[in-house]
Amino acid sequence: MSEPFYKPRFLRVFTGLVYLYLFIPIVIVIVFSFNSEKSLQVMQGFSFRWYSDFFNDPTLMDSLLTSVQIAVLTMVISTIVGTALAIGLVRAHSGTAKGFNILMLVPLITPEIVAGISALLIFSQLGITLSIWTIVLAHITFSISYVTIVVRGRLATIGTEVEDAAQDLGASKWESVRLVLVPSLWPAIVAAGLLVFALSFDDFVLSFFTTGEDAQPLPVRIWSMIRFGVSPTINAVGTLMMVVSISAVALAVLVPRLFGRRESGVKVLTGAEE
Amino acid sequence: MTSKRFWDWFIFPGGVWIALLFAVPLCLVLALSFGHVDDFGRGVYGFTLDNYKDVFDPTYVPVLLRSVGYALATVILCLLVGYPVAYFIARHGGRYRYALLAALVIPFFVNYLVRTYAWVALLSDQGLVNNLLVDLGLSQQPIQFINTPFAVIGGLVYGYIIFMILPLYGSIERMDPSVIEAGKDLYGSPFRTFLHVTLPATQAGILAGCVLVFLPAVGDFVSAQLLGGPDTYMVGNLIQDQFFAASNWPFGSALTVIMMLFLAVWMVFYLRRASRGEAEVL
Amino acid sequence: MGDIGLNRRQLLLAGAGLLATAYGLSGCTVERPIDKSAAGDVVEPKIDGDLMIFNWAQYMDPSIKKSFADKYGVAVNEVNFDNLEAMMTKLRAGGSYDLIFPSTEYVLRLRNEQLIRPFNRSRLKNADTLSKFYDDPWYDPNSEFSVPYAYYTTGIAWNTNEVDTLTGSWNDLSNEQAWGRIFMLDDFQEGIGQANLLNGFYLNTDKSDQLQTSKDTLLDQKKGLRGFSTNSVQNLVSGAAALTQAWNGDVVNARNQVDDPSIFAYETCKEGVPVGSDLMCIPITSKSPGTAMMFMDWVLKPENAYKNVMWNGYPMPVAGGREAFAKLVKDDPSIDVNLDQLADSAMEYRLDSPEARQEWTRIWTEVKA
């Protein structure tokens with residue numbers, strides 16, 4: 001046993017510390033969201049006052065609703081478009097497909113501020129009024145790539161035999177996609193959709209640049225709150241958002257199991273090979 | 001309908017979408033970077049190089065260099081912290097591997113602003129960390145953690161470390177354990193084995209992780225805005241201010257173009273490797 | 001570039017396309033012109049739809065919105081901007097808002113750009129008690145386009161436990177006791193303005209040599225700064241700031257958040273006290289201008305003005321608002337604003353020429369870089 005980091009004990013402690021580092025701020029947010037006082041330094045007592053502030057502030061409730069709407073629309077549209085793209089990229093052997101396999105990664109590795117500015121420019125240029133729709137359009141652009149990667153990972157493990165067989169039995173090409181291919185992709189599609197839901201729900205930068213006359217999504221609201229005044233409501237908002245997006249991710253991880261497969265959802269999501 | 005055409009139709013909507021809402025707008029940014037500002041402060045397209053002259057003005061060059069410096073520091077820290085963690089999960093995680101990975105992903109799905117704000121509360125002069133230090137007698141008076149470059153880099157590490165750990169994990173997990181055994185016989189000491197066997201074998205993950213952390217870190221403006229001080233202005237802040245405070249969209253566009261050109265080198269490097277399967281995709 | 005699917009011919013084609021686009025766009029503004037056909041129509045107060053307010057964050061008591069919504073059966077929504085340029089950006093992009101809160105000089109700019117609509121102030125029931133200063137002001141002849149919302153001074157706030165060597169000058173932004181724990185407002189006009197005053201220049205100077213001197217002043221001051229920030233309340237309360245440039249209303253807020261309010265003091269400076277007013281205007285893109293006007297009246301109603309001032313800490317120049325503010329500042333008269341100060345338009349920020357505005361923003365960017 002000459003493992004490089006020979007003593008797993010050191011590794012274990014180190015990993016533990018890193019997890020601590022990752023979770024402490026989150027625990028702080030949750031704990032202070034129940035603080036009875038306005039202080040962000042001292043926990044004085046337990047109360048739900050910041051949650052009741054949140055639920056009694058129509059502006060914040062509108063923002064919550066807006067965020068959910070944006071995330072749902074983004075999820076639905078990008079899942080459809082992204083799945084089609086993934087199927088096309090894997091099945092078509094044209095030059096376009098080959099180039100696009102790589103080019104579609106570009107939106108993912110471009111700093112968000114660049115995407116935000118680009119979106120702002122195109123909407124201004126076309127005279128499209130900034131609203132909830134412009135945010136959705138901007139979110140879908142990067143979400144398509146996420147969906148494509150996740151679904152493509154799954155597709156790579158599926159051969160064409162069953163589709164071929166279906167066609168031999170008289171199904172059209174389109175029918176073989178609809179009745180054979182898509183059903184076998186369901187776990188990946190649902191997982192990708194939920195992942196995109198969480199990403200869209202949490203997104204700040206793109207929303208910041210493309211938000212307009214409709215209620216601002218929660219992260220944009222949080223930005224304003226942080227920059228003007230002290231507001232422990234942020235902790236309550238943060239905790240609630242955490243519950244929403246982590247539920248989405250947890251579902252994404254569990255979904256493949258619901259489909260009766262033994263493989264792990266994490267694997268489906270990260271596109272790990274089998 | 002030929003078979004080839006049939007599948008190309010599937011590419012069509014996504015391809016057009018990305019082209020129209022990503023590629024075309026990028027071209028608009030490029031076009032506007034040669035423009036100027038009218039009397040109302042609105043951007044006007046044109047053919048001037050003035051904005052580029054401004055970008056390379058001695059006043060702004062330090063901002064560009066600072067951004068790259070912070071991003072590099074972030075990459076190095078992420079690698080140093082992320083490698084042992086990825087290694088532990090991949091090699092010693094056992095049946096808890098996926099649970100550990102999932103736990104790693106959770107903080108990433110807490111809103112970035114909220115997470116950064118939590119750090120402000122933790123590290124402020126009268127925050128929990130400082131109170132603890134003073135109570136324990138480790139420090140006479142509060143240490144100024146926030147409003148410093150370290151805080152900004154710390155915020156970036158916290159924000160993007162997941163992009164380092166996931167590809168590292170992927171490449172370490174795929175590594176054949178027998179290779180390490182063989183390395184042990186060849187090199188003797190664990191450290192040399194690590195240096196000569198493990199590290200090269202996980203190169204794809206390391207490179208992918210570094211690029212995936214570097215790219216967003218360069219363009220970040222949240223960390224510097226919330227955790228920074230007077231001398232932590234990054235290019236992201238500069239660009240953001242040109243669009244929403246100084247109303248100089250053409251200059252903001254020129255800054256964006258220069259930043260993208262610089263990042264494009266790394267993107268192409270990464271994409272070429274990814275296309276040959278030599279880099280992790282996510 | 002072979003592997004990513006682009007050959008030389010495609011690249012050339014793309015380049016040619018880009019050039020053609022650039023040529024076609026040349027001379028166009030980024031934003032499409034917005035419909036200004038309503039520019040001349042005078043707004044009448046009547047409920048004509050839901051309300052969308054576009055305001056600074058934390059600047060209006062939510063209960064006022066709620067009571068209006070309950071009374072008239074309309075939804076009252078609010079979105080926020082971080083600074084007035086950002087507000088202009090979103091307005092020009094065609095955003096449809098019903099009520100905005102610009103400062104005096106922005107009212108003038110919005111008026112010149114025909115981005116706001118006139119309304120008949122005499123139709124506002126609660127406008128009678130408005131301070132006379134706001135009748136026929138320089139930025140809005142005949143008061144056709146605006147009513148005042150709140151006013152403020154800019155000065156210096158500090159923590160009396162830590163600093164006791166204030167001199168009543170803008171030089172205090174370089175106070176040695178507070179060195180390294182000083183914040184300057186992240187606002188190009190407040191930053192450059194105080195430097196101008198410190199150097200004995202006109203607040204809104206557009207002379208390049210003077211601005212250059214002020215830039216040097218700012219760079220000197222920057223050495224002692226802990227940051228540029230508009231969040232004075234948080235900086236004071238969390239102890240990050242020993243001293244900060246601040247708007248008087250934020251000092252009221254900070255004092256309200258601690259057990260012993262006397263630890264935060266405020267001074268206005270002898271070289272000059274910048275004063276400002278935020279006003280209420282109806283944008284040209286408003287879908288419910290009538291409701292917006294009703295809401296203005298609602299905000300100016302004495303009991304609402306009272307509530308609002310108690311909530312946000314900024315004085316309102318209307319019955320109710322004045323009394324509330326007097327109550328808030330009775331322990332520290334320095335926070336109060338004398339209405340004579342408002343009449344001194346030399347102490348209001350206004351950059352009339354676009355060149356001056358561009359120079360100011362450029363200098364500010366250079367200071368922050």
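Here the structure is a predicted model, which means the values were calculated and not measured. What's counted below: heavy atoms across the whole structure, side chains too, no hydrogens, waters or symmetry copies. Proteins come first, then strands; the chains are lettered A, B, ... in the order of their sequence lines, and each starts at number 1.
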For the atom pair [atom1] ([X]) and [atom2] ([Y]), what is the distance rounded to the nearest 0.5 Å?
X: C:Q257; Y: A:E37; atom1: CD; atom2: CD; result: 11.5 Å
X: C:W56; Y: A:R227; atom1: CH2; atom2: CZ; result: 9.5 Å
X: A:M225; Y: C:N80; atom1: CE; atom2: CG; result: 9.5 Å

Region of C:N253 that comes under 4.5 Å of a non-hydrogen atom in chain A: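 Contact with chain A: none, neither part.
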Interface moiety of C:N235 toward chain A, non-hydrogen atoms closer than 4.5 Å: neither
Side chain proximity check, A:E213 to C:K287, heavy atoms < 4.5 angstrom: yes
Heavy-atom side-chain proximity of A:F209 to C:T89 below 4.5 angstrom: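 A side-chain contact is absent here, since even the closest heavy-atom pair is not under 4.5 Å.
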Is the backbone N or O of A:I226 less than 3.5 Å from a side-chain atom of C:N231, with the two atoms forming a donor-acceptor pair by type?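 Side chain of C:N231 to backbone of A:I226: a pair is present.
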Give every residue pair that meets the side chain to side chain donor-acceptor pair (under 3.5 Å) criterion with at least one member in residues 201-212 of chain A, sequence neighbours excluded. A:H139-A:D203, A:H139-A:S207, A:D202-A:S245, A:D203-A:S207
Output all residues satisfying salt bridge (Lys or Arg N to Asp or Glu O under 4.0 Å) with C:R255, sequence neighbours left out; order by chain, then residue number.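 C:R255: salt bridge (Lys or Arg N to Asp or Glu O under 4.0 Å) contacts with C:D332.
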What is the minimum heavy-atom distance between A:S224 and C:D82, and which atoms define it? OG-OD1, 3.8 Å
Above 12 or not: heavy atoms from other molecules or residues under 6.0 Å from CH2 of A:W133? no
Got a sec: does the NZ of C:K307 have more than 12 other heavy atoms crowding it under 6.0 Å?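 Counting other residues, nucleotides and ligands, NZ of C:K307 exceeds 12 neighbours.
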Identify, with sequence neighbours excluded, every residue that meets ring pair (Phe, Tyr, Trp, His ring centres under 6.0 Å) alongside C:F228. C:W364
What part of A:D214 gets within 4.5 angstrom of chain C, counting heavy atoms only: side chain, backbone, both, or neither? backbone
Contacts with chain C made by residues 45-60 of chain A (heavy-atom distance under 4.5 Å), listed by residue number: A:T59
